[in-house]
Amino acid sequence: MREVSNSYNKTVSEVAVDLHRELQQKTPVRTGRARAGWQTKKIKDNFEIVNRVPYIEYLDKGTPKMKPSNNGRGVIGPALNSIKGEYK
């Protein structure tokens, strides 16, 4: 059981690191504030990835004048899609 737990923890950690990296890479850069705003926190056996920059939602989902984040636009969806194949 301990081996399964260690394997789980290692995989969860790897996913968090990979997703954090992809989120940063997919975040558009004007000043660099939004890209630098991604933070990963370990909470018990899981991780939380957040970005508290007030306009991150606009970068991810767009604004009324911009198209929404489908078709490869946005940040979170494309980042998740980038790592999805690595963990099947």
Side-chain angles (χ1 to χ4, degrees):
M1 189 66 170
R2 185 177 200 120
E3 187 176 319
V4 171
S5 179
N6 288 341
S7 178
Y8 168 82
N9 290 335
K10 181 180 176 192
T11 300
V12 169
S13 178
E14 288 172 358
V15 170
V17 168
D18 288 347
L19 182 56
H20 185 265
R21 182 192 69 242
E22 285 296 319
L23 287 166
Q24 283 188 315
Q25 289 177 353
K26 303 249 184 267
T27 302
V29 177
R30 183 170 170 189
T31 66
R33 182 176 173 207
R35 185 173 277 186
W38 291 107
Q39 299 175 353
T40 302
K41 297 177 184 179
K42 185 169 184 176
I43 301 172
K44 295 185 181 181
D45 291 336
N46 294 301
F47 290 85
E48 177 182 76
I49 301 174
V50 297
N51 191 323
R52 299 214 190 303
V53 173
Y55 50 87
I56 195 66
E57 184 176 359
Y58 297 112
L59 294 176
D60 187 45
K61 295 182 180 175
T63 65
K65 293 182 181 181
M66 297 168 56
K67 291 183 179 181
S69 65
N70 54 14
N71 299 326
R73 295 185 181 177
V75 180
I76 298 170
L80 287 169
N81 286 335
S82 289
I83 69 164
K84 189 177 2 179
E86 298 177 35
Y87 297 98
K88 284 188 176 184

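On a predicted model such as this, the values are computed, not experimentally measured, just so you know.
With T11 contributing its side chain and S7 its backbone, the two residues share a donor-acceptor pair below 3.5 Å. Remark: side-chain polar atoms of R35 are paired, donor with acceptor, to backbone N or O of Q25 under 3.5 angstrom. The backbone N or O of L23 sits less than 3.5 Å from a side-chain atom of T27, completing a donor-acceptor pair.
Remark: Y8 pairs with N46 by the side chain to side chain donor-acceptor pair (under 3.5 Å) rule, at least two apart or across chains.
Considering only heavy atoms from C-beta on, I83 comes within 4.5 Å of V15 through its side chain. Within the 4.5 Å cutoff, no side-chain heavy atoms of S82 are placed close to those of D18.
Distance check: L19 CG to E86 CD gives 10.5 Å after rounding to the nearest 0.5 Å. Here the CG atom belonging to N51 is positioned 7.5 Å from the CD atom belonging to Q39, to the nearest 0.5 angstrom.
The shortest non-hydrogen separation linking L59 to A34 is CD1-CB, 3.5 Å. Residues H20 and T40 come closest through the heavy atom pair CD2-OG1, 2.9 Å. In terms of heavy-atom proximity, A16 sits nearest to I49 at O-CD1, 3.7 Å.
Put simply, Y58 and V53 are part of the same group of oily side chains (I, L, V, M, F, W, Y) that touch within less than 4.5 Å, one to the next. Side-chain heavy atoms closer than 4.5 Å link hydrophobic residues (I, L, V, M, F, W, Y) into clusters, and following such links, possibly through other members, connects L80 to W38. Hydrophobic clustering of Ile, Leu, Val, Met, Phe, Trp and Tyr side chains at less than 4.5 Å, counting indirect connections, unites I76 with Y55.
Counting heavy atoms of neighbouring residues, nucleotides and ligands inside a 6.0 Å radius, atom CD of E48 exceeds 12 of them. Remark: E57 CD is loosely packed, at most 12 non-hydrogen atoms of other residues, nucleotides or ligands lying under 6.0 Å away.
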